[in-house]
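Accompanying notes for the structure given below.
Along the sequence shown, the residues carry numbers beginning at 1. We use all heavy atoms of the structure for the numbers below, so side chains are in, but hydrogens, waters and symmetry mates are not.
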Amino acid sequence: VMPRHQRRRAHILRRMQQTAIYVQQKGKCLASSCDRPVDQIDHTTDWSRTHQTTLPQLAGLCRPHHNLKTRENHTYKRQPDGTVTWHPPP
C-alpha cells in the first residue's frame with residue numbers, strides 16, 4: 001500500500017495533468033471531428049505496456065470515443081500535424 005503522503009502527491013499530479021490536457025485541448029474531445037467536451041482522460045498507449053502516466057501519453061476523450069477505445073478496441077494515433085486518426089479493431 002502506498003503511504004498517505006505519496007497518494008496525496010499522486011492525486012495532485014493527476015489533477016494537474018487533467019487540467020493541462022483540458023487547457024491544451026480547449027475542453028474538447030481529442031477526436032478531430034468531435035465537439036463534445038472532455039469526459040475521460042485516456043492513456044494513448046495502454047498503461048500496462050508503458051507503466052507511465054505522462055502528459056504526452058494522455059488525451060482527453062468524450063465518453064463515446066472513450067467507449068470506442070475501451071469497449072470496442074478501436075485505436076487512435078496523433079499525427080505530426082496534430083490531427084488524430086482512428087482505427088477499427090483488426
Side-chain angles (χ1 to χ4, degrees):
V1 174
M2 188 185 303
R4 185 176 183 185
H5 71 281
Q6 288 179 338
R7 286 193 311 259
R8 179 165 168 66
R9 182 175 182 271
H11 177 73
I12 290 169
L13 289 175
R14 283 192 302 268
R15 267 289 168 220
M16 292 171 64
Q17 290 169 327
Q18 289 173 348
T19 300
I21 290 165
Y22 192 84
V23 169
Q24 181 182 31
Q25 293 180 205
K26 299 178 180 146
K28 301 290 183 187
C29 177
L30 182 71
S32 299
S33 61
C34 185
D35 286 332
R36 293 183 192 99
V38 169
D39 187 52
Q40 303 281 327
I41 302 299
D42 186 62
H43 286 87
T44 56
T45 302
D46 190 18
W47 184 87
S48 65
R49 291 179 56 206
T50 65
H51 298 284
Q52 294 184 6
T53 301
T54 61
L55 278 178
Q57 295 173 331
L58 296 173
L61 299 175
C62 65
R63 186 174 312 269
H65 280 105
H66 188 261
N67 288 343
L68 272 177
K69 181 179 181 245
T70 58
R71 294 184 183 163
E72 299 182 31
N73 296 320
H74 288 235
T75 59
Y76 61 92
K77 182 174 179 162
R78 286 186 223 210
Q79 302 302 317
D81 67 359
T83 60
V84 177
T85 55
W86 282 82
H87 308 279

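Residues Leu61 and Val84 fall within the same hydrophobic cluster, defined by Ile, Leu, Val, Met, Phe, Trp and Tyr side chains chained together at heavy-atom separations under 4.5 Å. Residues Tyr22 and Met16 fall into different hydrophobic clusters, defined by Ile, Leu, Val, Met, Phe, Trp and Tyr side chains chained together at heavy-atom separations under 4.5 Å.
Two residues are said to be in side-chain contact when any heavy atoms from C-beta on lie closer than 4.5 Å; Lys28 and Cys34 fail this criterion. In this structure the side chain of Asp42 reaches within 4.5 angstrom of the side chain of Tyr76, judged on heavy atoms. With a 4.5 Å cut-off on side-chain heavy atoms, Val38 and Gln25 count as touching.
The line from CD of Gln40 to CD of Gln18 is 10.0 Å long, rounded to the nearest 0.5 Å. With rounding to the nearest 0.5 angstrom, the CD1 atom of Ile41 is 9.0 Å from the NE2 atom of His66. Expressed to the nearest 0.5 Å, how far CG of Asp39 lies from CZ of Arg63 amounts to 4.0 Å. Separating the OG1 atom in Thr70 from the NE2 atom in His65 is a distance of 12.0 Å, to the nearest 0.5 Å. To the nearest 0.5 Å, atom NE2 of residue His74 and atom CG of residue Asn67 are 11.0 Å apart.
Looking at Arg14 and Gln17, their side chains never bring a donor and an acceptor atom within 3.5 Å of each other. A donor-acceptor contact closer than 3.5 angstrom is absent between the side chains of Thr50 and His43.
Looking at every heavy atom in both residues, Gly60 comes nearest to Ile21 through N-CG2, 3.5 Å.
Identified under the side chain to side chain donor-acceptor pair (under 3.5 Å) test for residues 77-90, with sequence neighbours left out: Gln79-Thr85, Asp81-Thr83, Thr85-His87.
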*Please report the C-alpha distance between Thr53 and Leu58 in whole Å, then the side-chain angles of each, then the deciding distance to 0.1 Å, and finally whether the side chain to side chain contact (heavy atoms under 4.5 Å, CB included) criterion is met.*
CA-CA 7 Å; Thr53 301; Leu58 296 173; 3.8 Å; yes
